[in-house]
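First the proteins, then the strands, lettered A, B, ... as listed; each starts at 1. Quick note: numbers below take in every heavy atom, side chains included, and nothing from hydrogens, waters or symmetry partners.
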Protein chains: 2
Amino acid sequence: MKLSKKGEYALKAMIELARAYKKGPVRISSIAEKEGIPKKFLERILMDLKKVGILKSSRGAGGGYELAKAPKEISFADVIRVTSGPLAPLRCVSKYAHINCPHEKSCGLKKVMQDVRNAVATVLEREKFGK
Amino acid sequence: MKLSKKGEYALKAMIELARAYKKGPVRISSIAEKEGIPKKFLERILMDLKKVGILKSSRGAGGGYELAKAPKEISFADVIRVTSGPLAPLRCVSKYAHINCPHEKSCGLKKVMQDVRNAVATVLEREKFGK
DNA sequence: ATTATACTCTAATAAAACAGTAGAGTATCG
DNA sequence: CGATACTCTACTGTTTTATTAGAGTATAAT
Ligand code: FES
Ligand code: FES
């Protein structure tokens with residue numbers, strides 16, 4: 001039930017970027033240093049977040065990354081889904097990555113796992129990067 | 001944030017064993033067949049659960065596994081901790097496997113992850129294998 | 001006692017996921 | 001142009017996951 005390093009780094013970077021919202025782009029290396037994240041790894045993470053429209057970037061001198069929308073429009077859940085996959089403990093109870101199980105009807109796990117996924121999603125969807 | 005196969009199998013086996021509580025031991029192969037779990041893998045899982053006192057076993061003909069205590073005394077959380085590790089997304093917010101982070105004081109992640117771990121623990125500790 | 005039954009234990013392994021790195025390429029600013 | 005900083009593909013090493021092999025031990029029934 002643990003969060004990957006990638007997810008952890010992504011959230012930390014997002015917090016940093018939210019802090020700099022509307023203050024111009026932030027360099028990857030600046031975030032990497034402040035948060036103690038390997039730079040090359042962070043590059044890939046931020047690219048992923050850009051690809052789904054959470055971040056935008058500008059190149060060249062004075063360039064860097066910044067939020068693509070208001071911090072209050074971005075949830076922890078959004079970031080984790082992109083960087084560490086579904087929140088649900090089992091695919092059969094995942095909302096956005098659902099897959100059917102063979103014996104769903106008689107499965108004693110499904111209900112509880114559904115509750116877990118909902119509990120997690122509630123916390124992570126409520127939590128935004130700004131208010 | 002996903003549950004390992006090992007954890008999933010363990011829970012399914014526990015449900016099966018709870019059903020047979022006070023009805024004598026159940027063979028590994030019987031559980032493996034019913035739940036579609038590789039037998040050899042299940043052996044190891046049940047051994048783990050025995051080691052921590054959740055299950056007990058008897059050998060030889062007529063032998064098998066059974067719960068070591070009343071189903072209502074065993075929670076999903078107990079089983080998952082043994083077979084898939086801590087419930088917490090990060091070690092620094094884990095109750096039973098806690099490790100300190102360097103910058104805990106200024107970390108923007110800790111509080112939310114604490115909430116996640118609590119939400120998960122609440123669901124999984126409430127859910128028992130019998131009532 | 002012998003045999004069949006069923007758990008016990010250590011070790012090994014194949015594949016996947018995770019964490020991180022290398023390096024050449026491209027856009028932009030001054 | 002030259003420095004800056006993101007872009008993109010591919011590669012690598014490590015760890016974890018999921019599983020299997022096989023020899024060993026205890027028990028019950030015959
Ligand atoms: S594990 Fe998916 S329905 Fe039981
Ligand atoms: S990640 Fe542990 S305190 Fe921030």
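Closest to the side chain of A/P38, from the set C/dT21, D/dC6, D/dT19, is C/dT21. When distances are taken from the side chain of A/S4 to each of D/dT7, C/dC9, C/dA19, the shortest belongs to C/dA19. Set against D/dA26, D/dT20, C/dC9, the side chain of B/M47 has C/dC9 as its closest nucleotide. For A/K5, the listed nucleotide lying nearest its side chain is C/dA19; candidates were D/dT19, C/dA19, C/dC7.
For B/R59, no side-chain nitrogen or oxygen approaches OP1 or OP2 of D/dT25 to under 4.0 Å. An OP1 or OP2 oxygen of D/dT17 is reached within less than 4.0 angstrom by no side-chain nitrogen or oxygen of B/Y9. Put simply, A/K50 has a side-chain N or O that comes within less than 4.0 Å of OP1 or OP2 on D/dT7. Look at A/S57 and you'll find a side-chain N or O under 4.0 angstrom from OP1 or OP2 of D/dT7.
A/K6 has its NZ atom 12 Å from the P atom of C/dG20, to the nearest Å. Put simply, NZ on A/K2 is 9 Å from C1' on D/dT15, counting in whole angstrom units. Distance, A/I28 CD1 to C/dG20 P: 16 Å, rounded to whole Å. The separation between B/L42 atom CG and C/dT8 atom C1' is 14 Å, rounded to whole Å. To the nearest angstrom, P of C/dA22 lies 12 Å from CD of A/E43. The distance from atom CZ of B/F41 to atom P of C/dA15 is 16 Å, rounded to the nearest whole Å. One interatomic measurement links the two molecules: CD1 of A/I45 to P of D/dC6, which rounds to 14 Å at whole-angstrom precision. When rounded to the nearest whole Å, the span between NZ of B/K40 and P of C/dT8 equals 12 Å.
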Subject >> ring pair (Phe, Tyr, Trp, His ring centres under 6.0 Å) between B/Y21 and B/F129, intermediate numbers included >> reply: CA-CA 10 Å; B/Y21 184 56; B/F129 289 93; over 10 Å; no
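Each of A/S58 and B/G60 was matched to the nucleotide of DNA chain D holding its nearest heavy atom; the match closer to the 5' end belongs to A/S58.
Contact check on A/K12 versus A/E8 returns a salt bridge, with a Lys/Arg side-chain nitrogen under 4.0 Å from an Asp/Glu carboxylate oxygen. Salt bridge status for B/K50 with B/E66: absent, with no side-chain N to carboxylate O gap under 4.0 Å.
With a 6.0 Å radius and a threshold of 12 heavy atoms from other residues, nucleotides or ligands, B/K5 has its NZ atom at or below the threshold.
Between B/I37 and B/Y9 there is a side-chain heavy-atom pair separated by less than 4.5 Å.
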